[in-house]
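In listed order, ligands and their atoms are each counted from 1. All values below were derived from every heavy atom in this structure, side-chain atoms included, with hydrogens, water molecules and symmetry-related copies excluded.
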Amino acid sequence: MSIGIVGLGYVGLPLAVAFAEAGEDVVGVDVDPAKIGDLNRGASYIEDIPSERLQSVSDRTSFTTRAVDLHGAEAILVCVPTPLNRNREPDLGPLLGAARTLAGAIAKGQLVVLESTTFPGTTRDHLVPLLEESGLVAGEDFALAFSPERVDPGRTDYTIKTTPKIVGGLTESCTGRALEVYGRICDELVPVSTPEVAEMAKLLENIFRSVNIALVNELAMLADRMRIDIWEVVDAASTKPFGFMRFEPGPGMGGHCLPVDPFYLTWKAREYDMVTEFIELAGKVNKQMPYFCIEKIERALNEAGKPVKDARILIVGVSYKAGVGDLREAPALKIIELLRERGGDVRYHDPHVPELPQFGLRSTEPGDCDLAVIVTAHPGVDHGAVIDVAPSVLDLRGVTRARRDAKVRQL
Ligand SMILES: NC(=O)c1ccc[n+]([C@@H]2O[C@H](COP(=O)([O-])OP(=O)(O)OC[C@H]3O[C@@H](n4cnc5c(N)ncnc54)[C@H](O)[C@@H]3O)[C@@H](O)[C@H]2O)c1
């Protein structure tokens, strides 16, 4: 018996490797033949999974575009994307596509678990009808559960094994089946009464982060006007041993999760005559941050007597977060776009992102420029060296504070 994983991205591939490392045979399915080609050559495209780690479980893993190969699997874990469409409404296309394909592949007795982040009701109202087109009945002929993925790419202190796993099955027995399977790779399991509780718990986690980041970002803009150092404020407040959790300001929110997931709930809430104002407000404040950063860039250049037009601006770190190359919704992209609109001569340095084809740019070493802007602070990048080569530096992440150099400005 094997574990099937559908969708081999940031979530699915680490999960596949975790099961293989626990001694399970794994069948990984993805619609992207290029990814399948890479994986079958033992080449990982996810930073958290070095290729050697993938190769060390090659005898227990097989990767394919053919969903029918899941027919013999004991459990099928679905990790496909859940983006927003152009109107910023949930796009269940990949998920429903995967469910339709699975309806032609699932077998009696299997367990199906959805891991993709989504609004409450997706598993029961959207997945069940499609999977039941197989002729099998959910909760009777096959088990079905929702178990949100909590992976945080680039993080090393918590892993799939050490991060508690929430599981909500369609029935008690579905929950039991899923707990048994996840118990093979996770130390701590958190059963909840329904898939809806598990779906909403994941959204609460992401909304909590989004709202708190927005709060500190709003205060950063105020502190800037009041000439108060927001980083010192955050440091001071963080000394409270209870009732406070540290969040840091930054250039805005990026990634596949925080700028997207909260709006899955906003959309669903409308069906219940609710306007989720915290979510909307947080989104609004966080979306404003790249514009505030542009204002700071303009001010920094102004002090050197330069307009943005034709100024040579080096962006340091363009991915959305430290330690990874993921560019989805990265605020640096918005900042580059806005600088270019103003005639700025933009270049960038990011060891995780060799090129930005949409801007016709390749990563360069920090060097000659009018202003360096630290947008994402990757470990391994020598920010002291950036300060040494640049005549002026704007640090949007507070990583150069210890240096106390007069040519450095903070967010
Ligand atoms: N990236 C994160 O940090 C993170 C963390 C927690 C939860 N999540 C959630 O997990 C889900 C997956 O996110 P991700 O970051 O891994 O996305 P991803 O884009 O990195 O990977 C998704 C993979 O699914 C494949 N795919 C798309 N449609 C498919 C289909 N019909 N059948 C098979 N494969 C298909 C894609 O080709 C891609 O390889 C999303 O719902 C996301 O919100 C992501």
Side-chain angles (χ1 to χ4, degrees), residues 4-18 27-40 43-49 63-70 73 76-84 90-106 112-120 122-123 126-127 130-131 146-155 158-160 163-166 198-199 201-210 253-265 319-330:
I5 312 277
V6 180
L8 298 167
Y10 283 91
V11 166
L13 187 60
L15 200 59
V17 170
V27 180
V29 175
D30 201 290
V31 286
D32 184 344
K35 283 187 175 162
I36 297 303
D38 282 349
L39 296 174
N40 281 328
S44 171
Y45 40 80
I46 300 286
E47 282 102 331
D48 287 351
I49 305 293
F63 299 106
T64 172
T65 54
R66 290 158 38 94
V68 287
D69 291 359
L70 297 167
I76 300 172
L77 316 178
V78 181
C79 312
V80 297
T82 45
L84 295 172
D91 173 6
L92 289 186
L95 179 51
L96 302 183
R100 278 189 202 98
T101 313
L102 282 182
I106 57 172
V112 178
V113 183
L114 177 60
E115 293 226 1
S116 306
T117 309
T118 185
F119 54 80
T122 306
T123 308
H126 295 269
L127 224 49
L130 287 176
L131 293 176
F146 182 83
S147 178
E149 181 52 62
R150 290 167 143 177
V151 69
D152 183 11
R155 180 178 280 280
Y158 285 96
T159 60
I160 291 180
T163 306
K165 191 93 175 99
I166 297 176
E199 289 163 333
K202 170 70 188 179
L203 290 178
L204 171 60
E205 292 165 18
N206 284 356
I207 292 162
F208 173 82
R209 282 188 58 70
S210 164
M253 263 181 346
H256 178 54
C257 297
L258 297 193
V260 173
D261 301 344
F263 296 98
Y264 265 64
L265 195 59
S319 64
Y320 86 89
K321 70 183 283 196
V324 299
D326 194 345
L327 286 167
R328 290 179 288 186
E329 312 263 341

Taking the side chain as every heavy atom from C-beta outward, state whether Leu8 and Lys35 have any atom pair closer than 4.5 Å. no
Lys/Arg N to Asp/Glu carboxylate O, Lys321 vs Asp152, below 4.0 Å: yes
Partner of Phe119 under side chain to side chain contact (heavy atoms under 4.5 Å, CB included), picked from Leu92, Asp261, Thr82, is Leu92
Residue contacts for ligand 1, heavy atom to ligand atom, distance under 4.0 Å: Val6, Gly7, Leu8, Gly9, Tyr10, Val11, Asp30, Val31, Asp32, Lys35, Cys79, Val80, Pro81, Thr82, Pro94, Ala98, Ser116, Thr117, Glu149, Val151, Pro153, Lys202, His256, Cys257, Asp261, Arg328
Does CZ belonging to Arg209 count more than 12 external heavy atoms closer than 6.0 Å? no
Are any non-hydrogen side-chain atoms of Asp326 and Pro153 less than 4.5 angstrom apart? no
Partner set under side-chain contact (heavy atoms from CB on, under 4.5 Å) for Cys79, not counting sequence neighbours: Ile5, Val11, Leu15, Glu115
